[in-house]
Amino acid sequence: GESVGLHLPTLSVQEGDNSIINCAYSNSASDYFIWYKQESGKGPQFIIDIRSNMDKRQGQRVTVLLNKTVKHLSLQIAATQPGDSAVYFCAEIGNSGYALNFGKGTSLLVTP
Amino acid sequence: ETGVTQSPTHLIKTRGQQVTLRCSSQSGHNTVSWYQQALGQGPQFIFQYYREEENGRGNFPPRFSGLQFPNYSSELNVNALELDDSALYLCASSRRGPQNRVGELFFGEGSRLTVL
């Protein structure tokens, strides 16, 4: 069945360093992937998305890489700031075309 | 701010009771999805409403039901509450795109339900 999983439940980085959050998926039919940031007590916030016809997409301080061969995507955050501390989820839209399938999340902690 | 508002923000119910959660979607959005997020987990898809009809459902029993109104706002109803229904319930609005695929989802802050 479909599943989206994250390699690490927690990640601690120093302010100013780059962060990399990884995610594996199992559904080869998935063609749209999204990264969300969720701060404590808030709903998920869209960060960046990527479609399966791309292998890289860049936003402001964030880059998403997609490797369809090994069904893996990553979120890279440049110059991590304290405000980046949150739980990050990868999600994919598979066969349904409308339901997001979320992973469990990685908690990112940025230390001064 | 996503423009998606949910109410109430917190509520406490007891087993067997019924609850109604409400969501106002972002202006211009015609699709509403509901997700359940248990503590420490990712959100799980409950169902989606488009043109006032349920358009798709996840692995949730029939006691989870919903409505979408002409102004695209929505309600989630849960009957016969169980302890495991305790969770954050998230509403997300979007605009249906080409080939009926959902566009970018904008989430509300959620309604925190505790069942005792």
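These numbers were taken from a predicted model, which means no experiment stands behind them. All chains are named by letter (A, B, ...) in the order of the sequence lines, taking the proteins before the strands, and each is independently numbered beginning at 1.
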Same hydrophobic cluster for A/F33 and A/W35, using side-chain heavy-atom links shorter than 4.5 Å among ILVMFWY? yes

Whether over 12 other heavy atoms sit under 6.0 Å from B/N71 CG: yes

For residues A/L65 and A/Y25: do they belong to one hydrophobic cluster (side chain heavy atoms under 4.5 Å, members Ile, Leu, Val, Met, Phe, Trp, Tyr)? no

Where on B/Q6 is there a heavy atom nearer than 4.5 Å to chain A: the side chain, the backbone, both, or neither? neither

Cut-off 4.5 Å, heavy atoms of chain A, and the answer for B/R57 is backbone

Do you know the tightest heavy-atom contact between A/G43 and B/L90? CA-CD2, 3.9 Å

Do B/P43 and A/L100 come close enough that some side-chain heavy atom pair is under 4.5 Å? no

Could you walk me through whether A/Y36 and B/F107 satisfy the side chain to side chain contact (heavy atoms under 4.5 Å, CB included) test, starting with their C-alpha distance in whole Å, then the side-chain angles of each, then the deciding distance to 0.1 Å, before giving a yes or no? CA-CA 10 Å; A/Y36 284 92; B/F107 283 86; 3.7 Å; yes

Can you establish whether the number of heavy atoms outside B/R15 located under 6.0 Å from its atom CZ is more than 12? no

Ring-plane angle category for B/F45 and A/Y98, please: parallel below 30°, perpendicular beyond 60°, tilted otherwise. tilted

With a sphere of 6.0 Å drawn around CZ of B/F106, does it hold more than 12 non-hydrogen atoms of other residues, nucleotides or ligands? yes

Any side-chain heavy atom of B/Q41 sitting closer than 4.5 Å to one from A/F89? no

Taking the side chain as every heavy atom from C-beta outward, state whether A/Q38 and B/L88 have any atom pair closer than 4.5 Å. yes

State yes or no: do B/L11 and B/L76 share one hydrophobic cluster built from I, L, V, M, F, W and Y residues joined by side-chain heavy-atom distances below 4.5 Å, directly or via other members? yes

Following the transitive rule for hydrophobic clusters with a side-chain heavy-atom cut-off under 4.5 Å over Ile, Leu, Val, Met, Phe, Trp and Tyr, establish whether B/L81 and B/F64 coincide in one cluster. yes

With respect to chain A, which residue among B/G110, B/G56, B/G58 yields the maximal number of heavy-atom pairs within a distance under 4.5 Å? B/G56

Working to the nearest 0.5 angstrom, can you tell me the gap between A/F102 CZ and B/Y35 OH? 6.0 Å

